[in-house]
Structures are given as C-alpha cells and as structure tokens.
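Worth knowing before you read on, the calculation uses all heavy atoms, side chains too, and leaves out hydrogens, waters and symmetry mates.
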Amino acid sequence: MSRKDELLTVPQVLSELGGVSRRTFYRWRELGRAPVCVQLPNLELRVWRSDFMAWLDSRREAA
C-alpha cells in the first residue's frame, strides 16, 4: 500500500533526514542538490513526499 502524497514542511524534511540543519538544506538548494520544492505565496517552501522519496532514491550509492 502506497502512502498518500502530502506536502512536507522544511522542518518535517529535516527531521526525516535525521536532523540535517536548516542552513545545510538551504545550502543544498543554492547548489541545486536539494529535493524539488514548491514555494507558496507566503514564500514558505514545501516538498511533495513523492518528490522527497524520489530525491532520496536518487542519492543512493552502489556499495
């Protein structure tokens, strides 16, 4: 059963990444290495869970 897609806040994404700092996340965005974000009219960012999971899968390295 697949999880329903949802918009995650930046703090939720950071928590799922095991406590990555907000500064690191925004640095990744500057470098084009962060997951795709949606910018709301109030300028807050959200990440679709499906995009976040795809981004995590793309970060895998072969052992």
In terms of side-chain heavy atoms, does Gln12 have a donor or acceptor partner in Thr9 at a distance below 3.5 Å?
->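 A pair is found: one side chain offers a donor N or O, the other an acceptor, under 3.5 Å apart.
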What residues join Val20 in its hydrophobic cluster, counting side-chain heavy atom gaps under 4.5 Å, either direct or through other members?
->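 Members other than Val20 - counting any ILVMFWY side chain reachable under 4.5 Å - are Leu8, Val10, Val13, Leu14, Leu17, Phe25, Tyr26, Trp28, Leu45, Val47, Phe52, Met53, Trp55, Leu56.
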Among all residues two or more places apart in sequence or in another chain, which pass the ring pair (Phe, Tyr, Trp, His ring centres under 6.0 Å) test with Trp48?
->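 If we apply the ring pair (Phe, Tyr, Trp, His ring centres under 6.0 Å) test to Trp48, skipping adjacent residues, there are no hits.
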Which value, rounded to the nearest 0.5 Å, describes the distance between Glu6 atom CD and Arg46 atom CZ?
->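 The CD atom of Glu6 sits 11.5 Å away from the CZ atom of Arg46.
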Donor-acceptor pair, Asp51 side chain versus Val36 backbone, under 3.5 Å?
->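 Not at all, since once roles are kept as given, no pair shorter than 3.5 Å links the two residues.
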Sequence-distant partners of Arg33, salt bridge (Lys or Arg N to Asp or Glu O under 4.0 Å), two or more places apart =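 Checked Arg33 against salt bridge (Lys or Arg N to Asp or Glu O under 4.0 Å); zero matches.
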